[in-house]
Engineer: 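What follows is a structure written as structure tokens; I'll ask about it next.
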Amino acid sequence: WQRDYWESLAADETVREKVRSYIRNNPKKWTRDRFGLVTSHVYGNVGLLNAAFVGFVASQGAYQDDLKPRLLWKRPQTGRRRLDANDETLVEAEAEKPPVISTFTSAQERAVFARVLRNGQRFICVYPGGVPLEAELPEEIRKPCAEGRALLMSPVETGSGLNKQRAVWCNEYILRNAAEVWAGAITPGHTLASLVAALAPTPPTSSWRTSASA
């Protein structure tokens, strides 16, 4: 559509391979570029991202009473990237259970969140619509954040509002980064089911496992 143009010739195999690599890999960055990093906006202890946290996902519409968590997969332990220079926030209490990460938006996810709060377990809450202002947070969430036992994070600023595509992006982060992934009810054929199928670790079974029951 421009009046002028110029040619860029891939004159040798090195240049051609760079072009091929760009074509193959650039679409993978589309969602990240569109919605931003899930860790763009944080409140609480970012050191929890260094833990081997446990993810939980469940479809909207499933009833709390039908909650029967099952292990989808478990990845081998690997080193976590340090996101905070303050060593005090990076100390991992080995005796404690790992943090639970979820968007905690569906009914079954909220049921798990209530259990986490009741047990005093550490957690990471991923907000698709922006982390609430500190003054808007209930004490049961604000206090663990102040104590370094919780982290709230979002790819967007406070008050951005819910967005289905952004919620998918947040669930993708959970599925990609959790050391263990557990699930409640997942509606066949819906977005979450497709996402789980697409992101399940690749065999061999020596590096991952699945289970049909808790």
Side-chain angles (χ1 to χ4, degrees), residues 1-42 46-57 59 71-87 89-90 92 98-99 101-103 124 126-130 151 153-157 160 163-183 186-211:
W1 302 106
Q2 299 178 12
R3 289 181 300 173
D4 300 313
Y5 70 96
W6 63 92
E7 293 178 341
S8 178
L9 301 178
D12 57 53
E13 187 58 27
T14 300
V15 176
R16 287 193 289 273
E17 183 52 37
K18 289 182 178 179
V19 173
R20 295 188 192 105
S21 178
Y22 175 85
I23 294 171
R24 283 194 301 266
N25 298 323
N26 200 56
K28 300 176 183 178
K29 303 176 183 179
W30 180 81
T31 305
R32 184 194 67 190
D33 294 340
R34 182 183 182 191
F35 296 123
L37 295 175
V38 173
T39 56
S40 295
H41 303 272
V42 298
V46 295
L48 293 180
L49 293 176
N50 297 288
F53 45 77
V54 175
F56 181 79
V57 294
S59 292
L71 179 64
L72 294 183
W73 63 72
K74 182 176 182 179
R75 293 186 174 91
Q77 295 292 324
T78 57
R80 314 294 298 182
R81 187 175 63 173
R82 299 163 81 91
L83 296 181
D84 193 324
N86 183 353
D87 286 341
T89 66
L90 301 176
E92 189 61 26
I101 183 171
S102 177
T103 61
I124 302 170
V126 185
Y127 287 88
L151 172 66
M153 61 187 192
S154 178
V156 293
E157 296 180 351
S160 295
N163 177 290
K164 183 176 181 180
Q165 286 73 31
R166 201 185 302 124
V168 173
W169 173 228
C170 290
N171 275 322
E172 181 176 335
Y173 177 91
I174 294 165
L175 294 171
R176 286 188 183 278
N177 291 280
E180 291 184 19
V181 176
W182 291 73
I186 297 180
T187 306
H190 286 203
T191 303
L192 183 57
S194 300
L195 196 61
V196 167
L199 298 179
T202 304
T205 55
S206 59
S207 62
W208 67 287
R209 71 168 187 243
T210 60
S211 173

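Heavy-atom basis, side chains included; hydrogens, waters and symmetry copies ignored.
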Engineer: Sequence neighbours excluded, which residues qualify as side chain to side chain contact (heavy atoms under 4.5 Å, CB included) partners of Val196?
Structural biologist: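 Val196 satisfies side chain to side chain contact (heavy atoms under 4.5 Å, CB included) with Leu72, Trp73, Leu175, Ile186, Leu192 only.
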Engineer: Hey, what do you get for CG (Leu199) to CD1 (Ile174), rounding to the nearest 0.5 Å?
Structural biologist: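 Those atoms lie 11.5 Å apart.
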Engineer: Could you grab the distance from atom CG of Asn177 to atom CD of Glu172, nearest 0.5 Å is fine?
Structural biologist: 9.5 Å
Engineer: I need the minimum non-hydrogen distance between Pro99 and Ala51, along with the two atoms involved.
Structural biologist: CD-CB, 3.7 Å
Engineer: Determine the minimum heavy-atom distance between Asn163 and Arg166, stating which atoms define it.
Structural biologist: OD1-N, 2.8 Å
Engineer: Can you name the closest pair of heavy atoms from Ser154 and Gly129 and give their distance?
Structural biologist: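 For Ser154 versus Gly129, the nearest heavy atoms are OG-C, 4.3 Å.
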Engineer: Kindly check if the number of other-residue, nucleotide or ligand heavy atoms within 6.0 Å of CD (Glu157) is above 12?
Structural biologist: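 No.
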Engineer: Any chance you could lay out the side chain to side chain contact (heavy atoms under 4.5 Å, CB included) test for Thr39 and Val46, step after step, and finish with the verdict?
Structural biologist: CA-CA 9 Å; Thr39 56; Val46 295; over 6 Å; no
Engineer: If we only count heavy atoms from C-beta on, is the Ile101 to Tyr173 side-chain gap below 4.5 Å?
Structural biologist: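 They are in contact (side-chain heavy atoms under 4.5 Å apart), so the answer is yes.
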Engineer: Passes side chain to side chain contact (heavy atoms under 4.5 Å, CB included), Trp182 versus Val54? Steps please.
Structural biologist: CA-CA 7 Å; Trp182 291 73; Val54 175; 3.5 Å; yes
Engineer: Closest heavy-atom contact between Pro155 and Cys170?
Structural biologist: CD-SG, 3.9 Å
Engineer: Drop me the distance from Ser102's OG to Asn171's CG, to the nearest 0.5 angstrom.
Structural biologist: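 So the gap between those two atoms works out to 7.0 Å.
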Engineer: Shortest non-hydrogen contact from Ala52 to Pro98?
Structural biologist: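 In this case the closest contact between Ala52 and Pro98 is O-CB, 3.4 Å.
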Engineer: For the backbone of Thr187 and the side chain of Ser59, can you confirm whether one donor and one acceptor N or O come within less than 3.5 Å of each other?
Structural biologist: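 Side chain of Ser59 to backbone of Thr187, a donor-acceptor pair under 3.5 Å: yes, one is there.
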Engineer: Nearest 0.5 Å, what's the CD-CZ distance between Glu180 and Arg75?
Structural biologist: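 It comes to 11.0 Å.
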